[in-house]
Amino acid sequence: MSTISYTQPDTAEAPLDTRGRGLAAIIYVLYLGSVMAVVTAPIGVLIAHFRRRHAADWVASHLQFQIRTFWLGALAGAAVLAAWHLLGLVGAPAWASWVLGYGFFTACLAWTMGRCGVGINRLLHDRAIDAPRSLLFGGAKVSLED
């Protein structure tokens with residue numbers, strides 16, 4: 001009696017390497033939490049710096065995006081702080097400093113939330129950040145349409 005063995009062709013793709021995916025999600029949450037407790041963003045960037053080399057390539061793009069989000073925000077904050085002090089030195093009216101401060105805070109908040117939103121969306125769909133070194137939203141096309 002002979003047996004016939006049948007093997008199905010291998011049509012399944014290799015499983016996705018998800019090393020670091022959960023950590024990237026935690027860092028996005030830390031960045032969002034920095035709205036209420038500023039100390040969470042530096043913790044997030046430290047984790048991203050230390051774990052970037054141990055993550056899958058597509059997750060590493062998220063970590064680079066997160067690192068750049070932190071440092072661009074810190075650089076912009078330092079520039080606005082210098083401008084704010086300069087306004088005081090030149091004797092500008094108090095309302096000018098208030099407008100600069102609140103305008104920057106609002107823009108920075110929208111920028112950070114947008115970057116985190118795009119990152120979380122792409123992370124949940126197992127997609128890399130297309131342009132992690134970009135200044136805006138990582139090359140994503142952002143719209144308010146369905």
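As the structure is a prediction and not an experimental result, all values here were calculated from the model.
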Quiz prompt | Where S134 and L72 come nearest, the two heavy atoms and their spacing | solution = O-CD1, 4.2 Å
Practice problem: Calculate, to the nearest 0.5 Å, the distance between atoms CZ and OG1 belonging to F137 and T69 respectively. | Solution: 10.0 Å
Quiz item: Parallel under 30°, tilted from 30 to 60°, perpendicular over 60°: which one fits the rings of H62 and W58?
Solution: perpendicular
Exercise. May I ask whether L81 and F104 are part of the same hydrophobic cluster, defined by side-chain heavy atoms of I, L, V, M, F, W, Y residues being less than 4.5 angstrom apart, directly or through others?
Key: yes
Practice problem: Would you give the length of the straight line joining atom CG of L75 to atom CZ of F70, rounded to the nearest 0.5 angstrom? | Solution: 11.5 Å
Self-check item: Between CD1 on residue I27 and CZ on residue R51, distance to nearest 0.5 Å
Solution: 10.0 Å
Quiz item: Are V80 and L100 side-chain neighbours, meaning at least one heavy-atom pair lies under 4.5 Å?
Solution: yes
Quiz item: Rounded to the nearest 0.5 Å, how far does OG1 of T18 lie from CG of D126?
Solution: 8.0 Å
Self-check item: I47 CD1 to L30 CG distance, which is reported to the nearest 0.5 Å
Solution: 5.5 Å
Quiz item: With sequence neighbours left out, what residues match W84 under side-chain hydrogen bond (donor to acceptor under 3.5 Å, both in side chains)?
Solution: none
Quiz prompt | Where S61 and P132 come nearest, the two heavy atoms and their spacing | solution = O-CB, 3.4 Å
Quiz prompt | Same apolar cluster (I L V M F W Y, side chains within < 4.5 Å links), V39/L46 | solution = no
Quiz item: So, the side chain of R68 versus the backbone of R133: is there a donor-acceptor pair under 3.5 Å, distance only?
Solution: yes
Practice problem: Verify the cluster assignment for W98 and L109: are they in a single hydrophobic cluster under the rule of side-chain heavy atoms below 4.5 Å apart? | Solution: no
Quiz item: Counting distance only, does the side-chain N/O of Y31 pair as donor-acceptor with the main-chain N or O of C116 below 3.5 Å?
Solution: no
Quiz item: Can you check whether A60's main-chain N or O pairs, donor with acceptor, with R52's side chain at less than 3.5 Å?
Solution: no
Quiz item: Under the 3.5 angstrom rule, does the side chain of R115 hit a backbone N or O of F65 as a donor-acceptor pair?
Solution: yes
Quiz item: Is it true that a side-chain atom of Q66 and a backbone atom of G44 form a donor plus acceptor pair closer than 3.5 Å?
Solution: no
Exercise. Measure the spacing between CZ of R21 and CG of L123 and express it to the nearest 0.5 Å.
Key: 5.0 Å
Quiz item: Stepwise, does the side chain to side chain contact (heavy atoms under 4.5 Å, CB included) test hold for Q64 with I129?
Solution: CA-CA 9 Å; Q64 183 180 10; I129 299 292; over 6 Å; no
Practice problem: Could you check V35 against M113 for side chain to side chain contact (heavy atoms under 4.5 Å, CB included), going step by step and ending with a plain yes or no? | Solution: CA-CA 9 Å; V35 172; M113 296 300 118; 3.2 Å; yes
Exercise. For R19, enumerate each residue passing the side-chain hydrogen bond (donor to acceptor under 3.5 Å, both in side chains) test, keeping only those at least two apart in sequence or located in another chain.
Key: D17
Quiz prompt | V29 reachable from I43 in the ILVMFWY side-chain graph, under 4.5 Å edges | solution = no
